[in-house]
Amino acid sequence: MYLNVPSGGFKVVYEYANRLHRRGHQITVIHPRNVIEKTEWMEKLKAELWQYKIRSENRPLLSWFESDAGVNLTLVPDLREQFIPDGDVIFATAYETAFPVSAFSPSKGRKLYLIQSYETWSGEEPDVRSTWTLPLHKIVISRHLLKQAVDLGEAGRTSYIPIGLDLSVFELIKPQSERAPRIGMLAHPSKAKGLNDGIQALQIVKQQMPDVQAVLFGTEPKSTEIPSWVEYTQRPSPQQLVELYNSCRVFLNPSWTEGWGLPAAEAMACGCALVSAENGGVNEFAADEENALIAPIQRPELLAEKILRLLSDDALRTKIAQLGNQNIQEFTWERAVDSLEQVLFRQAGKQ
C-alpha cells in the first residue's frame, strides 16, 4: 500500500529499510495498488497506470519521510509474483499481504511477517487471526502481541523485537518546570484511537482547570469534534512535533488498542508525563504509577482524573516525566536493527 501522509506503521517499515540499507543490505519496499489482480479491464488499466499517476502527483514520493536514495521504493499494480523481485527474505507488513507472500515461490526469499498490531481495525477478526498461523516467521513488536502468537501456537515461529525511536530527534529540550499547563494528544480519525474519549477528558480537565491548554496534531484538517479552545497542528514536521511535545506537561494517549504506540513513546522521550488508556502497546514501555498513569480503555473520566492529578502535583508529574524519559532511552533503533538483522541472517541460512 502507499500513503502520502504520515503513518506510524509505515514509518517503522521505512526506518527499517533505511537502517538495513546503511548496513549494506539491498532493500526494496513494494507498494501495491491492489493486493490481488483486478480482472475488469478498466480496473486493470487503472492499476497499470497507477504508479505514473502517483509519482507525478507526489514529488518526492515520500514527502513526509526521508528515504535513503539507495532504498528502492517500488509501485506495482498488485502482488502477483511477476512484480516481486527475487531475494533472500521477503516481508509481509500487513495482514492482507500475508496471504500472497505465503504463496510466493522460494525464489522470492524466506518469508517473514512484521506484525505491528492485531489488525481487526482493518479486517475481519477470523481473517486477521488466520494470517498469524501461516507458514511465515513472525516478528512482533511488543510483549502483548507475542502473547497472542504464543496463544495461537506460534511461539516457535515468532521473534519479539521492540521497535525503536530516533533519540537524536525526539529528545527533552525544555524542562517540565518551564512548561505551561498544556496537554498534547494525537487526533486520529480511526475510532479505535479514542479521539472522542480524549476530547471528553480534555473538556473535563478544562472545566476544573480553566487555564489549561491543549494541542492536538494529526494528518487531517481540524475536525469539528475538536473544541475551539484546543490548538491543532496538521501534519507537523519532525521538528515541529518535537517542539510540540516539549511544550506540553502531559501527553494523553486515549487509544483503545495499540501494537506499540509511537506518539506516546516519542512524547516520553521529549519529557512529557504520560497519561494513557491501557491499550496493550503502552505496557511495552509504561507502567502505572511508575513512569506513567494508566486508566482502563473507554473511560474518559478516569483519564481526566489522571491528568488533573499530574497537573496538580508538580513533584509527582516531574517524577513520572523523568522516569518515563529515562526508561524510553533503551528503545533505540540500533538495538532493534541488531535484533532484526540476526533474525534475517538465521532465516536466510547465513549464520
Side-chain angles (χ1 to χ4, degrees), residues 1 8-10 12-13 15-16 20 30 32 35-36 79 81 84 87-164 190 192-193 255-262 265 277-287 294 296-298 330-331 335-351:
M1 310 302 173
F10 279 62
V12 168
V13 172
E15 284 280 5
Y16 269 132
L20 287 169
I30 300 164
V35 174
I36 60 174
L79 291 181
E81 283 210 32
I84 310 301
D88 295 313
V89 297
I90 185 168
F91 277 94
T93 57
Y95 97 91
E96 303 101 313
T97 66
F99 297 111
V101 167
S102 68
F104 286 158
S105 63
S107 67
K108 304 306 173 188
R110 297 297 297 269
K111 301 164 185 176
L112 293 92
Y113 182 11
L114 177 62
I115 298 177
Q116 300 191 59
S117 178
Y118 195 66
E119 298 174 86
T120 50
W121 45 266
S122 180
E124 295 297 323
E125 199 276 340
D127 294 332
V128 174
R129 184 177 66 248
S130 68
T131 67
W132 286 57
T133 55
L134 289 170
L136 308 169
H137 187 84
K138 269 67 72 176
I139 307 291
V140 296
I141 66 170
S142 58
R143 290 186 295 266
H144 84 105
L145 294 175
L146 177 61
K147 182 180 184 303
Q148 288 180 279
V150 171
D151 290 346
L152 289 169
E154 289 293 306
R157 291 193 294 199
T158 302
S159 297
Y160 157 63
I161 304 177
I163 57 178
S190 172
K193 293 293 185 179
S255 181
W256 303 349
T257 179
E258 289 287 349
W260 206 73
L262 269 175
E278 192 164 13
N279 50 45
V282 72
N283 301 108
E284 189 65 25
F285 49 82
I294 299 175
I297 63 169
Q298 300 183 59
E330 70 179 271
F331 294 96
R335 187 182 77 161
V337 178
D338 283 346
S339 299
L340 182 61
E341 197 172 41
Q342 293 304 309
V343 172
L344 295 179
F345 286 145
R346 289 196 299 270
Q347 290 298 309
K350 296 188 176 182
Q351 251 189 8

### Message
Which residue is it: Leu146, Leu152, Ile115, Leu145? I am looking for the one with a side chain to side chain contact (heavy atoms under 4.5 Å, CB included) to Lys138.
### Response
Ile115
### Summary
What one should report as the nearest heavy-atom pair of Gly164 and Ala336 is N-CB, 4.3 Å
### From Glu341 atom CD to Ile161 atom CD1, the distance as rounded to the nearest 0.5 Å
11.0 Å
#### Entry: Gly259 versus Ser142, closest heavy-atom pair with distance
O-OG, 2.7 Å
### Short side-chain to backbone donor-acceptor contact, Lys111 and Leu136, under 3.5 Å
no
### Query
What heavy-atom pair brings Ser255 and Glu258 nearest, and what distance separates the two atoms?
OG-OE2, 2.9 Å
### Task
Dump the intermediate steps for side-chain contact (heavy atoms from CB on, under 4.5 Å) on Met1 and Phe10, then the final yes or no.
CA-CA 9 Å; Met1 310 302 173; Phe10 279 62; 4.0 Å; yes
### Step-by-step side-chain contact (heavy atoms from CB on, under 4.5 Å) determination, Val343 to His137
CA-CA 9 Å; Val343 172; His137 187 84; 3.9 Å; yes
## Note on the structure
Nearest heavy-atom contact between Val35 and Pro100 is CG1-CG, 3.8 Å
### Summary
Rounding to 0.5 Å, atoms NE2 (His144) and OH (Tyr118) come to a distance of 12.0 Å
### Task
Determine the sole option in Ile139, Asp88, Val89 for which the side chain to side chain contact (heavy atoms under 4.5 Å, CB included) test with Leu344 is passed.
Val89
### Task
Would you indicate whether the side-chain heavy atoms of Leu112 and Val101 approach each other to under 4.5 Å?
no
### Message
If you count heavy atoms of other groups shown closer than 6.0 angstrom to CD of Glu125, is the number above 12?
### Response
yes
### Task
Apply the test side-chain contact (heavy atoms from CB on, under 4.5 Å) to residues Leu20 and Leu340: give CA-CA distance (whole Å), side-chain angles for both, the deciding distance (0.1 Å), then the verdict.
CA-CA 9 Å; Leu20 287 169; Leu340 182 61; 4.1 Å; yes
### Task
Start with the C-alpha gap between Trp132 and Tyr113, add the side-chain angles, then the distance that decides, and say whether ring-ring contact (aromatic ring centres under 6.0 Å, His included) holds.
CA-CA 9 Å; Trp132 286 57; Tyr113 182 11; 7.2 Å; no
### Message
If you define the side chain from C-beta out and look only at heavy atoms, does anything of Arg335 sit under 4.5 Å from Pro162?
### Response
yes
### Query
Which heavy atom in Pro135 sits nearest to a heavy atom in Arg157, and how many Å separate them?
CA-NH1, 3.2 Å
#### Entry: Steps toward side chain to side chain donor-acceptor pair (under 3.5 Å) verdict (Ser122, Tyr95)
CA-CA 8 Å; Ser122 180; Tyr95 97 91; 5.2 Å; no
### Query
Quick one: does Thr257's side chain get under 4.5 Å of Ile297's, heavy atoms only?
no
### Task
Locate the shortest heavy-atom distance separating Leu262 from Gly8; write the atom from each residue and the value.
CD1-O, 3.7 Å
#### Entry: Minimum side-chain heavy-atom gap Phe99-Thr131 below 4.5 Å
yes
### Query
Can you check whether Tyr160 reaches Val150 side chain to side chain, under 4.5 Å on heavy atoms?
no
### Task
Indicate yes or no: at least one non-hydrogen side-chain atom of Ile30 is less than 4.5 angstrom from one of Thr97.
no
#### Entry: Arg346 backbone acceptor or donor facing Arg110 side chain under 3.5 Å
no
### Message
With heavy-atom distances below 4.5 Å as the criterion, would you say the side chains of Thr93 and Tyr16 are in contact?
### Response
no
#### Entry: Beyond-backbone contact of Gln116 with Trp260, side-chain heavy atoms, under 4.5 angstrom
no
